[in-house]
Number of protein chains: 2
Amino acid sequence: MNKLFLTKQSIDQMSGVAYKSIHQKKRLLAYFAEHGPSAIGDLRRALHLSVPKVTALLNELMEEQFVRDYGKDNSTGGRPPNLYGLAAESAYFLGVDVHRTFVHIALTDFQKNIVSITEQVPYTLANTPESLNALCELIGDFIAQLQTPREKIMGVGINLTGRVNSATGFSYSFFHFQDQPLSHVIGDKIGIPVVVENDSRAMAYGEFAAGVVERERNVLFLNMDYGIGMGMVLDGQLYYGKSGYSGEAGHMPVFDNNIICQCGKKGCLETEASGWALVERFKTRVRNGATTQLVQNPEHLEAINLEAIIQAAQSDDVLAIELIAEIGERLGRGIAALINVFNPELVVLGGSLAATGDYIRLPLLSALNKYSLSLVSNDTELKVSRLGNRAGVLGACLLVQHKFLSTAD
Amino acid sequence: MNKLFLTKQSIDQMSGVAYKSIHQKKRLLAYFAEHGPSAIGDLRRALHLSVPKVTALLNELMEEQFVRDYGKDNSTGGRPPNLYGLAAESAYFLGVDVHRTFVHIALTDFQKNIVSITEQVPYTLANTPESLNALCELIGDFIAQLQTPREKIMGVGINLTGRVNSATGFSYSFFHFQDQPLSHVIGDKIGIPVVVENDSRAMAYGEFAAGVVERERNVLFLNMDYGIGMGMVLDGQLYYGKSGYSGEAGHMPVFDNNIICQCGKKGCLETEASGWALVERFKTRVRNGATTQLVQNPEHLEAINLEAIIQAAQSDDVLAIELIAEIGERLGRGIAALINVFNPELVVLGGSLAATGDYIRLPLLSALNKYSLSLVSNDTELKVSRLGNRAGVLGACLLVQHKFLSTAD
DNA sequence: CTTGTTTTTTAAAAATATCAAAAAGAAGGG
DNA sequence: CCCTTCTTTTTGATATTTTTAAAAAACAAG
């Protein structure tokens with residue numbers, strides 16, 4: 001039954017009609033994945049095929065269980081068309097969102113529903129083979145506990161921070177121990193094809209495919225955490241750059257300060273407009289006598305970390321709100337630069353700092369008006385992530401689904 | 001004969017096979033345009049068609065004069081394959097590169113050769129109907145003087161500065177007098193389909209399709225003139241953004257100065273790293289007593305303009321070279337930001353300032369090392385435009401050709 | 001000149017589109 | 001409430017297009 005998902009080698013050995021048939025079926029499924037259940041007429045127009053041909057393809061796909069009849073659509077005057085769509089339980093996709101101290105793992109069905117999810121599984125990310133093994137075990141455990149039969153899981157998507165080239169399957173910042181691509185290494189261990197992806201890009205895709213993005217085709221997604229990452233959807237496609245290192249917005253040199261960034265350079269956006277900068281500024285203010293819910297004794301600043309500050313802001317801590325606004329204002333300068341360059345329809349604020357909602361969004365918005373060309377920024381909406389901390393793990397699942405239905409070859 | 005180039009309306013009325021046949025033929029021609037003369041076997045693989053089908057299509061295209069037999073390729077051991085390619089004289093494309101005080105006009109054949117070109121035609125760009133009429137007359141004069149029959153000119157590409165949406169045909173900064181798109185307005189006047197495009201984007205496409213770009217698929221093109229514009233080729237496609245306003249790199253807020261930019265904001269890249277900034281700094285230095293070939297009397301600074309400074313640098317004027325290096329250094333900061341975001345394979349330096357070659361390129365390069373993540377900038381090459389001041393006009397021609405062969409619908 | 005290799009042509013087989021007919025509702029009238 | 005008419009979708013038979021597979025052709029090398 002799993003005849004649709006093939007390796008690149010087998011494509012060359014395939015006969016012309018076999019290739020064509022698979023290509024057409026994938027295009028049908030991809031159309032369903034993007035547009036939901038559809039009538040034969042729509043499919044015909046979109047794929048430039050005849051009605052009988054589409055009917056035949058759909059019948060085969062229904063035989064293969066990938067497609068299901070979704071009943072009648074509302075009539076437009078005459079006979080109502082039949083709707084066909086993906087059969088939710090015919091294929092599943094697993095996503096793993098790896099953070100420094102925990103992972104999220106989720107399984108989605110063919111209809112993009114979350115079937116099973118475990119969040120905040122304790123895990124320590126380190127660039128060691130042991131850490132990689134531990135990750136594979138966590139994935140194995142998750143699969144073992146599922147109701148879903150293993151062979152129905154068509155792929156596993158894994159998000160990692162740092163430099164990842166999802167086309168080749170290589171991760172350079174983490175787990176780069178072998179000559180083989182990491183995706184193959186893990187894929188061999190767990191026996192399911194693997195796609196590795198950069199975390200911010202996966203989050204961007206999550207919001208794009210199932211989040212706050214509606215019809216927009218040019219979207220910037222800001223992953224605001226301790227650092228600042230960015231995922232970009234341009235002309236409806238995830239953008240990678242030459243070797244998957246795009247989106248390092250946090251290291252744009254936009255300030256004239258002397259703060260040394262993690263990357264070793266000075267003046268990076270991150271040095272003044274990131275979770276890291278927020279924590280530093282918070283500590284400095286407390287040391288200088290500012291009061292906050294978070295700490296009573298200015299000698300003991302251990303309790304101050306990013307999550308704590310975000311929580312404090314949500315409980316109306318004045319200092320937290322004030323400093324988050326400052327961060328938003330500075331971030332606005334960086335985003336203004338990006339808007340001038342990309343002319344996007346939408347900028348999505350994501351990552352842990354996005355949980356502060358309008359506390360960060362509104363100062364950012366006013367900075368945008370200050371720094372970006374008004375004509376350009378009038379084109380651009382600014383929204384807060386809808387998926388929140390599930391953006392990554394959902395993005396991983398959906399990205400695997402997308403890759404399996406892609407006809408790029 | 002001109003059956004391949006159709007309006008969008010007629011596509012819907014077309015029968016399925018007619019559409020398919022045109023689609024396939026266009027794909028063949030587009031393949032030739034990109035890869036040059038090719039053998040049937042290559043075409044078969046690239047288009048996923050059978051050999052007899054490709055043969056039949058080629059025969060029709062040869063009948064229609066678009067394709068020509070280019071003789072035998074070198075044998076790989078057995079029978080040598082026949083090469084087919086575009087017939088240079090079967091279709092022509094006209095490009096018009098509009099500057100403030102002059103225009104370049106050129107005609108290219110189907111093989112991307114320049115058939116005829118007139119450069120620096122005096123013309124005054126103003127946002128008035130008269131100026132638009134004058135432009136149309138210049139185009140008409142150019143066509144009248146050609147040997148090429150008018151009906152073989154498949155399209156006219158026109159580059160304008162400012163905000164241009166080439167998909168809809170609207171230009172907003174210039175000639176926006178009617179509700180109709182500008183491309184239709186001009187097209188009706190001269191009787192040939194028109195494509196309007198932003199100048200920097202057209203230049204970027206020129207370098208991409210026939211200039212310094214070889215196999216790179218992610219390329220940033222800097223148009224360094226009085227202002228700083230940018231055209232972007234991402235994943236092998238020109239990037240437009242939501243409404244064709246992308247690439248405003250000159251207005252990224254990266255400096256903390258108080259110089260007010262043309263756009264009304266402060267701190268724009270252009271305020272310190274553009275031809276405009278170069279002229280201002282040059283004047284200031286001369287007023288403060290610096291010596292230069294350009295002026296003897298510091299009271300008379302009229303002779304100082306961008307072209308003069310560039311020429312002075314080329315004749316080894318120390319002040320010019322020094323200030324150009326300064327501009328390059330500052331521009332490096334902006335480009336570093338872009339490289340961090342785009343992870344491109346190549347950044348092309350174009351526009352009039354590019355004529356200074358290594359005088360601007362080398363300081364820029366060292367600034368890049370200072371400001372961008374080394375891993376990212378190691379991926380990126382920095383080259384000077386090959387087409388020089390012909391990038392725009394050639395880009396206009398090639399972009400029209402590209403649009404006419406596109407199967408996007 | 002023969003043999004080996006690769007490309008091109010050809011004719012039979014398969015796949016696909018077209019067009020006409022049938023089916024499935026919706027709307028309106030008796 | 002049922003029947004007729006209207007509209008649109010779906011099906012089926014036929015015509016067309018496309019692929020397949022086998023034969024022929026073109027050239028290189030021995």
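Sequence lines set the chain letters: A, B, ... in the order given, protein chains first and strands last, and positions in each chain run from 1. Just so it is clear, the model here is predicted, and its values are computed rather than measured.
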For A:R45, give me all partners under salt bridge (Lys or Arg N to Asp or Glu O under 4.0 Å), at least two apart in sequence or on another chain.
A:D42
Encode nucleotides 2-15 of chain C as B, S and - characters from 5' to 3', where the letter depends on protein heavy atoms closer than 4.0 Å: B to the base, S only to sugar-phosphate, - to neither.
--BBBBSBB----S
In whole angstroms, the gap separating P of D:dT18 from NZ of B:K25 amounts to 11 Å
Under 3.5 Å, which donor-acceptor pairs link side chains of residues 33-40 of chain B to any protein atom two or more places apart or in another chain?
| from | atom 1 | to | atom 2 | distance (Å) |
| --- | --- | --- | --- | --- |
| B:H35 | ND1 | B:Y31 | O | 3.2 |
| B:S38 | OG | B:G36 | O | 2.8 |

Taking five pairs at each terminus, the helix from C:dC1-D:dG30 to C:dG30-D:dC1 shows an axis bend, to 10°, of 10°
Taking only residues two or more places apart in sequence, or in another chain, which ones meet A:R44 in a salt bridge (Lys or Arg N to Asp or Glu O under 4.0 Å)?
none
Mind checking salt bridge (Lys or Arg N to Asp or Glu O under 4.0 Å) for A:R68 and listing every partner two or more places apart, or none if nothing turns up?
A:E89
List in chain and number order the residues that pass side chain to side chain donor-acceptor pair (under 3.5 Å) with B:D188, two or more places apart in sequence or in another chain; answer none if no residue qualifies.
none
In terms of ring plane angle, is the pair A:F110 and A:F66 parallel, tilted or perpendicular, where the classes change at 30° and 60°?
perpendicular
Output the rounded distance in Å from CG (A:D42) to C1' (D:dT9).
12 Å
Under the rule for side chain to side chain donor-acceptor pair (under 3.5 Å), what residues qualify as partners of B:E60, not counting sequence neighbours?
B:K25
Looking at residues at least two apart in the chain, or sitting in another chain, which of them share a side chain to side chain contact (heavy atoms under 4.5 Å, CB included) with B:V233?
B:F208, B:V219, B:L238
Value in whole Å for how far the P atom of C:dT16 lies from NE2 of B:H48
15 Å
